[in-house]
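See below for the structure under consideration.
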Amino acid sequence: MRLSGKKMILNLKELKPADVQNYLQHAIAPRPICFASTIDKAGNINLSPFSFFNLFSSNPPIVIFSPARRVRDNTTKHTLQNVEEVREVVINIVDYDMVQQTSLSSCEFPKGTNEFIKAGFTAEKATMITPPMVKESKIKLECKVIEIKPLGTGGGAGNLVICEVLCMHIAESILDENNKIDQTKLHHVARLGGDWYCKVDETNLFKVVKPNMQLGIGIDALPESIRNSTVLSGNHLGQLANVHEMPFVDPTFNDDKLKNIIQYYSINPKEMDLELQRYAKELLDEGKVNEAWQILLADY
Ligand SMILES: Cc1cc2nc3c(=O)[nH]c(=O)nc-3n(C[C@H](O)[C@H](O)[C@H](O)COP(=O)(O)O)c2cc1C
């Protein structure tokens, strides 16, 4: 470890695996949770959560999760052993209503323990594969395991379980009128570092408008006084620079607050500049990019 200026620089090769895991899990966060239901050749069912998990392709539809070798004693997880025997898995998506029971299921119960029973979840028959689904989960993915890729042989080494999604089950309660998933209705939980989790709901969801198909002008194309503003943040500049061409003054734009600022600060152009930027900032925070541009253009 090296302290340089105001930051710490870590050479991961010099750290213990447990510390590497700790730093990475706090940094790569939040991570969605794959609640994997698997079965062994003898028919024993297993249910365990994995946050080394994500979507990697939609055509073909591929998700990957990673049951790692235990850092403590380099043993492998029952989930990995099961998918090596029976190459099928139901990935149940975890939401806030399930989080405590999901965590309970991650206890290191002996092999052969059915965590549906231990954690109090209801097993529901899947339609295309053998392992059961978690009835309480609002989205379940029936998957075929197409490849298992070990990433190492030491403690902490991940094993990529590459899965093709064959079928999705989605609760009606989280659908909108077009039968699409309503993001505000599914309260996902995600794993961060240590014991930290986060919950997605209406209080913390926000939208970022997708960059224009016609390319944003870019921050380098913003007028210098905007680019070097002490009022506008990087987020505000990002919003302004996402327009596809430098806007013009709109003669029909009529705004009382703008008129007041111009009148009040006419003898102090520097203050006027700042006041206009403060007003533009308010508008940008409300997502009103065109209006914010008109306010800033009033300065030229
Ligand atoms: C929310 C959550 C996420 C987890 N993510 C992972 C993970 O990505 N990889 C991993 O190896 N273990 C992870 N664990 C730990 C496993 O769930 C735990 O080792 C479990 O006992 C494995 O069960 P199994 O041996 O029955 O497969 C996680 C635990 C929790 C609670």
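Remember, it's 1-based here, ligands and their atoms both numbered in the order they're listed. Keep in mind that the numbers below use all heavy atoms, side chains included, and drop hydrogens, waters and symmetry copies.
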Worksheet item: Any sub-3.5 Å donor-acceptor pair from Arg191's side-chain atoms to Gln25's backbone N or O?
Response: no
Discussion item. Does the plane of the ring in Phe121 sit parallel, tilted or perpendicular to the ring in Phe35? Use 30° and 60° as the thresholds.
Written reply: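 Phe121 vs Phe35 ring planes: perpendicular.
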Fill in: Electrostatic pair Arg72-Glu108, nearest N-O below 4.0 angstrom
yes
Discussion item. Whether Glu147 and Lys149 form a salt bridge (side-chain N of Lys/Arg under 4.0 Å from carboxylate O of Asp/Glu) is what I want to check.
Written reply: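 No, this pair does not count.
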Response to the item:
Per the under 4.0 Å non-hydrogen criterion, ligand 1 touches Ile33, Asn46, Ser48, Pro49, Phe50, Ser51, Phe52, Ser66, Pro67, Ala68, Arg70, Lys77, His78, Thr79, Ser106, Cys107, Glu108, Glu115, Arg191, Tyr197
Practice prompt. Rounded to the nearest 0.5 Å, what's the gap from CD1 on Ile33 to NE2 on His188? Could you check?
Written response: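 Ile33 atom CD1 to His188 atom NE2 measures 10.0 Å (nearest 0.5 Å).
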Worksheet entry | Worked verdict on Glu282 versus Lys257 for salt bridge (charged side-chain N to carboxylate O under 4.0 Å, His left out) | CA-CA 12 Å; Glu282 272 174 40; Lys257 187 162 171 179; 3.3 Å; yes
